[in-house]
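In what follows, a structure is listed as structure tokens, so that the remarks can point back to it.
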Protein chains: 6
Amino acid sequence: MKVTISRKAHFNAAHRLFVKSWDDKKNESVFGKCSNQYYHGHNYELIVNVTGKVDPITGMVMDLKVLADLIKTEVEDPFDHKNLNMQVPEFADLIPSAENIAVVIYNKLIKHLDKEKTLEIILYETPKNFVKYCG
Amino acid sequence: MKVTISRKAHFNAAHRLFVKSWDDKKNESVFGKCSNQYYHGHNYELIVNVTGKVDPITGMVMDLKVLADLIKTEVEDPFDHKNLNMQVPEFADLIPSAENIAVVIYNKLIKHLDKEKTLEIILYETPKNFVKYCG
Amino acid sequence: MKVTISRKAHFNAAHRLFVKSWDDKKNESVFGKCSNQYYHGHNYELIVNVTGKVDPITGMVMDLKVLADLIKTEVEDPFDHKNLNMQVPEFADLIPSAENIAVVIYNKLIKHLDKEKTLEIILYETPKNFVKYCG
Amino acid sequence: MKVTISRKAHFNAAHRLFVKSWDDKKNESVFGKCSNQYYHGHNYELIVNVTGKVDPITGMVMDLKVLADLIKTEVEDPFDHKNLNMQVPEFADLIPSAENIAVVIYNKLIKHLDKEKTLEIILYETPKNFVKYCG
Amino acid sequence: MKVTISRKAHFNAAHRLFVKSWDDKKNESVFGKCSNQYYHGHNYELIVNVTGKVDPITGMVMDLKVLADLIKTEVEDPFDHKNLNMQVPEFADLIPSAENIAVVIYNKLIKHLDKEKTLEIILYETPKNFVKYCG
Amino acid sequence: MKVTISRKAHFNAAHRLFVKSWDDKKNESVFGKCSNQYYHGHNYELIVNVTGKVDPITGMVMDLKVLADLIKTEVEDPFDHKNLNMQVPEFADLIPSAENIAVVIYNKLIKHLDKEKTLEIILYETPKNFVKYCG
């Protein structure tokens with residue numbers, strides 16, 4: 001009997017879409033105003049979905065407090081109120097698109113979950129644009 | 001040609017996370033303030049997803065009024081404004097975690113659906129915490 | 001490494017659920033007030049999900065502006081502020097149920113996507129009623 | 001000690017913005033696609049705010065069930081799944097703009113409230129456009 | 001130059017609408033299922049609005065962290081995951097209607113604000129029912 | 001007969017709370033992580049409320065398209081995907097707190113409205129923090 005539990009979290013960050021090996025003109029033609037050299041930012045809304053068996057005694061897939069703390073330590077603390085390009089090491093050489101941010105979050109969290117559990121990351125960059133990654 | 005139709009519903013209930021065979025100290029260490037002996041409560045938001053073939057004449061997977069009535073009879077009437085632990089028989093010996101509530105709702109609704117239809121239950125305990133169960 | 005990108009859009013339209021080969025009485029018994037001969041309407045909220053590989057240079061599954069423009073041309077322009085039964089050719093002989101509208105949108109958009117990409121359409125007719133179609 | 005109590009409700013309707021004494025060209029220049037002769041529609045979301053004294057025994061400004069029933073009888077029943085221009089008498093000679101719909105709802109509800117209570121109507125035509133009227 | 005700053009918070013609690021001096025029959029006739037003797041519960045969503053002058057140097061009406069901490073100490077800590085009737089002293093002899101809860105929160109917070117500031121409390125008992133109190 | 005019409009808009013921007021005449025230590029003690037020298041960002045959600053008389057012929061307080069265009073020209077175009085501190089002249093010597101951004105938006109829009117109309121600005125910095133300014 002497998003159930004998915006979901007936890008919402010959020011962080012506010014600045015970023016810029018920019019390929020270092022391209023000149024400014026090419027960056028602007030591909031990324032438009034998202035490549036603004038002075039950065040812009042978002043309220044990122046994150047949904048972390050963990051699927052696993054329900055413990056027959058506690059009735060829980062996992063302790064939600066443990067999951068919330070994990071999200072805090074691995075995502076909120078290092079990402080919140082940061083400039084993703086300049087202050088988050090994972091994006092030193094990786095463009096901080098919503099897609100890549102979701103993949104990075106997945107990779108940071110999956111290490112801490114039991115092997116039988118599966119993980120899915122949904123990341124809202126704006127209320128109209130969001131991405132999903134499940135490994 | 002299969003389509004999923006979804007219907008939202010809600011109910012307000014009190015509950016408590018508590019394992020009868022554990023003492024109070026153990027219950028509190030596992031469930032924290034959720035084990036408060038005087039109960040707390042939630043506005044549970046429910047999404048019922050039914051997947052099936054679209055009828056070529058009516059253009060519908062099933063009559064949404066039939067689905068809404070089924071949710072009312074099987075979930076809203078017995079759960080709304082109730083104490084789940086004390087007044088809902090399914091939780092007499094089953095801890096009313098969000099996971100278990102979703103499973104109970106699934107089991108109550110699936111009986112009333114045609115065999116070719118599949119069912120998925122999403123249950124929000126709070127806007128930040130929710131679960132999904134699909135049998 | 002596949003990621004799903006999602007884009008929200010919306011359109012406001014009038015419609016009526018009505019099977020031409022049935023008399024008014026049968027239409028009303030099946031569709032209730034949704035068969036009102038003078039139409040009613042909705043703010044349709046649309047979520048378009050496209051799944052594909054992340055480009056290793058741009059970090060994107062596809063250019064979101066291209067997707068937004070496609071939704072505008074194929075869905076918003078022809079559907080917004082229209083009477084679906086009378087002014088949208090796809091529904092000349094197809095009942096504009098939420099299920100069928102989602103299928104029509106899927107068929108209009110899938111033609112414009114690369115073969116390796118998959119598509120899923122979620123359409124909210126009201127905040128409580130919505131449908132999903134993925135081909 | 002005055003408190004405002006608020007109740008949300010909704011109705012789905014078709015309408016058209018159209019001044020009878022103007023020709024089609026002028027109507028279109030002023031109202032754009034909102035003047036489409038075949039109508040379009042909305043999910044109208046309504047918030048009814050009633051301000052009054054809190055009863056010292058019941059702790060309530062008014063019985064919320066009475067308010068909900070009043071909204072059902074005066075607004076939801078006559079407006080829901082209707083064509084406002086053609087089927088709601090108040091708009092026979094009054095353009096069904098969001099502003100006017102809010103005023104009509106105010107006038108229908110205020111008659112049923114005690115003189116010491118004040119009323120405010122908020123009406124969402126879409127999630128981005130809404131109006132407020134308080135007499 | 002006065003600006004209103006707003007902070008959202010929430011707490012989950014059980015409650016019961018019940019007048020001690022009335023018999024069960026009268027309580028049920030007035031409060032319906034809200035008077036259930038075993039309690040029910042809600043996810044209360046709270047909006048605290050503080051209006052005051054903008055500090056010309058910091059650009060702020062007040063330090064939002066101070067406000068958030070005040071809400072935590074005065075409202076979230078004593079109310080969250082509690083039975084309002086049995087565990088919150090303010091409701092020992094006061095019916096915990098949404099109206100009264102809003103007034104109690106107002107009275108607890110106003111003491112901690114500068115005299116030139118004004119306060120408004122909005123409390124959602126459910127997404128459809130909410131109240132507002134401003135002293 | 002006065003009605004308030006409301007229009008939602010949004011912009012994504014980077015900013016930093018920082019008083020130039022203070023050293024870094026004081027800035028951090030007052031603004032915490034909001035003073036991060038590499039900036040962070042938000043999805044700002046804006047609600048523009050205009051109150052005025054309803055035109056008896058059109059049923060409108062003002063042409064919503066005119067209002068939407070005004071918001072685009074005065075707010076969205078100059079603020080969206082920008083670094084408020086570095087690229088928006090109004091904040092060259094004014095700290096871009098939510099309070100000050102709301103005041104700046106008010107001052108930019110009020111100039112374009114008829115004298116009989118009143119204006120109110122609501123600005124969400126995050127879903128939990130927002131401000132209101134009405135002149």
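As the structure is a prediction and not an experimental result, all values here were calculated from the model. By convention in this document, chain letters (A, B, ...) are assigned in the order of the sequence lines, proteins followed by strands, and residues within each chain are numbered from 1. Heavy atoms only: backbone and side chains are in, while hydrogens, waters and symmetry mates are out.
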Over 12 foreign heavy atoms within 6.0 Å of CG, A:Asp23: yes
Approximate separation, where rounding is to 0.5 Å, of A:Tyr124 OH and A:Tyr44 OH: 15.0 Å
Residue part contacting chain A, namely of F:Glu45, when any heavy atom lies under 4.5 Å: side chain
A:Gln87-F:Asn36 side chain donor-acceptor pair, cut-off 3.5 Å: yes
Distance flag, aromatic centroids of F:Tyr39 and A:Tyr39, threshold under 6.0 Å: no
Residue selection (most heavy-atom pairs with chain F, distance under 4.5 Å) from A:His40, A:His10, A:Gln37: A:His40
Residue among F:Ala13, F:Pro127, F:Cys34 with most heavy-atom pairs under 4.5 Å to chain A: F:Ala13
Contact winner vs chain A - F:Asn43, F:Asn12, F:Thr126, F:Asn83, heavy-atom pairs under 4.5 Å: F:Asn43
